[in-house]
**Q** 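Provided herewith is a single structure, encoded as structure tokens, for subsequent inquiry.
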Amino acid sequence: MKVAVVGSSHGGYEAVRGVLQQFPDAQIDWYEKGDFISFLSCGMELYLQGVVKDVNSVSYATIPEMEDKGVHVHINSEVTNIDPDGHKLTVVDVQNGQEQTTSYDKLILSVGAVPFQLPVPGKELQNIYAMRGRDWAIKLRAAEVKPDIKNVTVVGSGYIGIEAAESFAKAGKHVTIVDTNPTILGTYLDTEFTDILAEELKAKNVDLRLSQSVKEYIGNANDQVTSVISTTGETWDADLVIETAGIRPATKWLAGIVDLDDHGMIKTDEYQQTSQPDIFAVGDATEIEFAPTGKKQLIALASNARRQGRSAAANLNGHNRKTTAVSGSSALHVFDYKFASTGVKDVTADKLGVTVDSVFVTDTKVPPFVPAEYNAEVFFKLTYDPKTRVVMGAQIMSKLDTTANINAISLAIQQHLTVDDLAYADFFFQPGFDRPWNIMNVAAQKAEQKLD
Ligand code: FAD
């Protein structure tokens, strides 16, 4: 069997691994239009903050390693067309423009997404950057150490924007975050958390300009951006702008080949099969079932792309493995605070069309007798359906790492557990690690009281 995989990021990498495991005799052709395979944007912040020194190490695979496993790796190779009936691909060498046609029996697309570029006057100015992929990582790292870049504007305060803001603030730049939402991290956290994080950012010399967007970028005679005009009419200096205002699927070329939805997302079934029987698709160019609602939506996470990649490989010769619904769990730090969240939040419930109630609790990570240098306050919010009592989501934050709790809640959501299941669930106790009642028990017991 000849399997072609397009795209070498999370989804593509996992699909290749899956095919190697499931079909050791298959011929695998792995196409990537860039000059590097398996760059992990998730590791970009560690590189920008100097924790990881070598940009090329932010990867799970090298070409020699994959070729040793028998994979035919084709870099600088953009797949530009597919003939699904003839099982043929058109591949263009991006360095010399030469085109060739090749065949496949099964095809897995993990073409991902590209950063959304704000369609505002001045968008073509220099020093307006994005934050995705290796090329931008290298440019951003270079900008961090340029002394003439003093003022940095980050557009968007999702997790990528926050990573950019923190990295440049730590590099000594004055950072301004602009976001149309009234709070930062608006799809990840409710205000009990974002109020604290907003103060944390301000204390670290990061200005927040919320409930507004960019109206225009202004440049100088050298076409370098110099300032930003916002939709509220305010203007501020900017030597560098980093746009992190969402993504768009890289699927224009697939129109008429596989079915796309109105947003250009590739339509797949739960086996990752597209409208073409021998073409599968995974990752940020597809939707995934969100466990709390049972509906499909875009949840652009590497963890999802990986799960889908494995499913696609398993299903090449028949319906063997469904992609399980996910809870949309993610974690991040904002300077000293570490947070994680999963499922539905108060702030996202309306948009998702669900009615939820929630309880918010604070506690210490370990018993209060443990000295402050080993202890910290923990903030936890549990969200549930007030009619069915089913757990719908949770958020946790502390200066110590308590994020693993969110994995337990993610499982509870996937298994449709109730607050009653969680209230007395067996979680370990050891004073060096936890309290006699884990904060998830405490919150679920509070929810029971509220509901009864
Ligand atoms: P992409 O990563 O978009 O990659 C697609 C690849 O396909 C690219 O290499 C592209 O060059 C190639 N390609 C596209 N079209 C073609 C074509 N026609 N021919 C050949 N090659 C093609 N997720 C997490 O779960 N945890 C995190 O901590 C996290 N941090 C992140 C931090 C940043 C800064 C960013 C930007 C994202 C982060 N994500 C994180 C999200 C995660 O990176 C994405 O969900 C994931 O990369 C999606 O993988 P993908 O395979 O769908 O596509």
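Remember, it's 1-based here, ligands and their atoms both numbered in the order they're listed.
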**Q** Between S77 and ligand 1, which residue portion shows a heavy-atom distance shorter than 4.0 Å: side chain, backbone, both, or neither?
**A**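 Near ligand 1, S77 shows its backbone, while the atoms from C-beta on stay back.
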**Q** Take T323 and S311 through the test side-chain hydrogen bond (donor to acceptor under 3.5 Å, both in side chains) and record every step on the way to the result.
**A** CA-CA 6 Å; T323 301; S311 298; 3.0 Å; yes
**Q** Less than 3.5 Å between some nitrogen or oxygen of K33 and one of ligand 1, yes or no?
**A**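 Yes, at least one N or O pair falls under 3.5 Å.
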**Q** List every atom of ligand 1 that sits less than 4.0 Å from any heavy atom of G112, numbering the atoms from 1 in the order shown and giving each element.
**A**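 The atoms of ligand 1 under 4.0 Å from a heavy atom of G112 are 1 (P), 3 (O), 5 (C), 52 (O), 53 (O).
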**Q** In terms of atom number and element, which parts of ligand 1 are under 4.0 angstrom from non-hydrogen atoms of V6?
**A**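 Ligand 1 atoms under the 4.0 Å threshold to V6: 17 (C), 19 (N), 20 (C).
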**Q** Show me which atoms of ligand 1 lie under 4.0 Å from any heavy atom of A300.
**A**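 Matching atoms, with element in brackets: 41 (C), 45 (O).
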**Q** Which atoms of ligand 1 sit under 4.0 Å from any heavy atom of G283?
**A**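 Listed by number with element: 52 (O).
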**Q** Does K53 qualify as a cation-pi partner of Y47, given the criterion of NZ or CZ under 6.0 Å from the six-membered ring centre and within 45 degrees of its axis?
**A**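 Cation-pi check for K53 and Y47: fails.
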**Q** Check whether the side chains of Q49 and S167 place a donor and an acceptor atom closer than 3.5 Å, and report yes or no.
**A**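 Per modelled atom types, Q49 and S167 side chains form a pair under 3.5 Å.
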**Q** Assess whether side-chain hydrogen bond (donor to acceptor under 3.5 Å, both in side chains) is satisfied between Q395 and S341, documenting all intermediate values.
**A** CA-CA 4 Å; Q395 300 153 69; S341 71; over 6 Å; no
**Q** Go through the steps for K296 and E289 under the test salt bridge (charged side-chain N to carboxylate O under 4.0 Å, His left out), then give the verdict.
**A** CA-CA 4 Å; K296 282 189 134 191; E289 186 183 335; over 6 Å; no
**Q** Please determine whether side-chain hydrogen bond (donor to acceptor under 3.5 Å, both in side chains) holds for the pair D239 and N127, giving the CA-CA distance in whole Å, both sets of side-chain angles, and the decisive distance to 0.1 Å.
**A** CA-CA 7 Å; D239 312 305; N127 282 6; over 6 Å; no
**Q** Under the salt bridge (Lys or Arg N to Asp or Glu O under 4.0 Å) rule, what pairs show up with a residue in residues 139-167, not counting sequence neighbours?
**A**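 Those involving residues 139-167 are R141-E144, E166-K170.
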**Q** What I want to know is whether D284 and ligand 1 share at least one N or O pair that is separated by under 3.5 angstrom.
**A**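 Right, the criterion is met.
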**Q** For atom 18 (N) of ligand 1, find the nearest protein heavy atom and state the residue, atom name and distance (0.1 Å precision).
**A**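 Of every protein heavy atom, V79 O, 2.9 Å lies nearest to atom 18 (N) of ligand 1.
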**Q** Pull out every atom of ligand 1 sitting under 4.0 Å from any heavy atom of A113, numbered as shown with elements.
**A**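 Within the 4.0 Å cut-off of A113, ligand 1 contributes 3 (O).
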**Q** Going by distance only, is there an N or O of M131 that falls short of 3.5 Å from an N or O of ligand 1?
**A**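 N/O-N/O distance under 3.5 Å: no.
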**Q** Using only atom types and a distance under 3.5 Å, with no angle test, would you say the side chain of D385 pairs donor to acceptor with the backbone of V390?
**A**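 No, the answer is negative, given that no donor and acceptor are paired below the 3.5 Å cut-off.
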**Q** Among all protein heavy atoms, pick out the one at the shortest distance from atom 33 (C) of ligand 1; state its residue, atom name and that distance to 0.1 Å.
**A**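 Answer for atom 33 (C) of ligand 1: S41 O, 3.5 Å.
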**Q** Quick one: look up the protein heavy atom nearest atom 4 (O) of ligand 1 and list residue, atom name and how far away it is.
**A**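 So the nearest neighbour among protein heavy atoms is S9 CB, 3.0 Å.
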**Q** State the atoms of ligand 1, each with its element, that fall below the 4.0 Å cut-off from a heavy-atom position in E163.
**A**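 In order of number, 32 (C), 34 (C).
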**Q** Please write down residue, atom name and distance for the protein heavy atom closest to atom 7 (O) of ligand 1.
**A**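 The closest heavy atom on the protein side is G7 CA, 3.2 Å.
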**Q** If the cut-off is 4.0 Å to any non-hydrogen atom of I160, which atoms of ligand 1 fall inside it?
**A**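 Heavy-atom distances to I160 below 4.0 Å select 33 (C), 34 (C), 35 (C), 36 (C), 37 (C).
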**Q** Which residue owns the protein heavy atom closest to atom 8 (C) of ligand 1, what's the atom, and how far is it?
**A**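 Scanning the protein heavy atoms, the shortest distance from atom 8 (C) of ligand 1 goes to E32 OE1, 3.6 Å.
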**Q** Looking at the rings of F193 and F360, which for Trp means the six-membered one, are their centres under 6.0 Å apart?
**A**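 Yes, the ring of F193 comes within the 6.0 Å limit of the ring of F360, centre to centre.
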**Q** Does A250 approach ligand 1 within less than 4.0 angstrom via side chain, backbone, both or neither, non-hydrogen atoms only?
**A**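 No part of A250 is near ligand 1 at this cut-off.
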**Q** Within the 4.0 Å heavy-atom shell around G11, which atoms of ligand 1 are there?
**A**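 Answer for ligand 1: 51 (O).
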**Q** Is W253 in contact with ligand 1, taking contact as a heavy-atom separation below 4.0 Å?
**A**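 Contact present.
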**Q** Heavy-atom contacts under 4.0 Å between E45 and ligand 1: side chain, backbone, both, or neither?
**A**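 Neither part.
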**Q** Check whether NZ of the Lys or CZ of the Arg R306 lies under 6.0 Å from the centre of the six-membered ring of Y60 and within 45 degrees of that ring's axis.
**A**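 Verdict for Y60: a cation-pi partner in R306.
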**Q** Determine whether D346 and S358 satisfy the following criterion, side-chain hydrogen bond (donor to acceptor under 3.5 Å, both in side chains), listing intermediate values before the conclusion.
**A** CA-CA 8 Å; D346 284 347; S358 54; 3.2 Å; yes
**Q** Which residue in the set H10, R132, R248 passes side chain to side chain donor-acceptor pair (under 3.5 Å) when paired with D284?
**A**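 That would be R132.
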**Q** Using only heavy-atom distances, determine whether the side chains of S8 and W30 contain a donor-acceptor pair under 3.5 Å.
**A**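 Looking only at side-chain atoms, W30 and S8 do not form any donor-acceptor pair under 3.5 Å.
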**Q** Hey, looking at atom 1 (P) of ligand 1, which of H10, E14, R132 has the closest heavy atom?
**A**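 Comparing heavy atoms across H10, E14, R132, the nearest one to atom 1 (P) of ligand 1 lies in R132.
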**Q** Tell me, which protein residue and heavy-atom name are nearest atom 50 (P) of ligand 1, and how many Å apart are they?
**A**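 Here the nearest protein heavy atom works out to S110 OG, 3.7 Å.
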**Q** Can you tell me the protein heavy atom closest to atom 25 (O) of ligand 1 and the distance?
**A**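 Looking at atom 25 (O) of ligand 1, the protein heavy atom closest to it is A302 N, 2.9 Å.
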**Q** Would you call the rings of H74 and Y31 parallel, tilted or perpendicular if under 30° counts as parallel and over 60° as perpendicular?
**A**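 Geometry flag for Y31 against H74: parallel rings.
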**Q** Of the side chain and backbone of V111, name the one, both, or neither that has a heavy atom under 4.0 Å from an atom of ligand 1.
**A**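 Answer for V111: both.
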**Q** Answer with side chain, backbone, both or neither: which part of Y159 has a heavy atom less than 4.0 angstrom from an atom of ligand 1?
**A**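 It is the side chain that touches ligand 1; the backbone stays farther off.
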**Q** Quick one: nearest non-hydrogen protein atom to atom 29 (C) of ligand 1, plus distance?
**A**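 Here the closest protein heavy atom is C42 SG, 3.3 Å.
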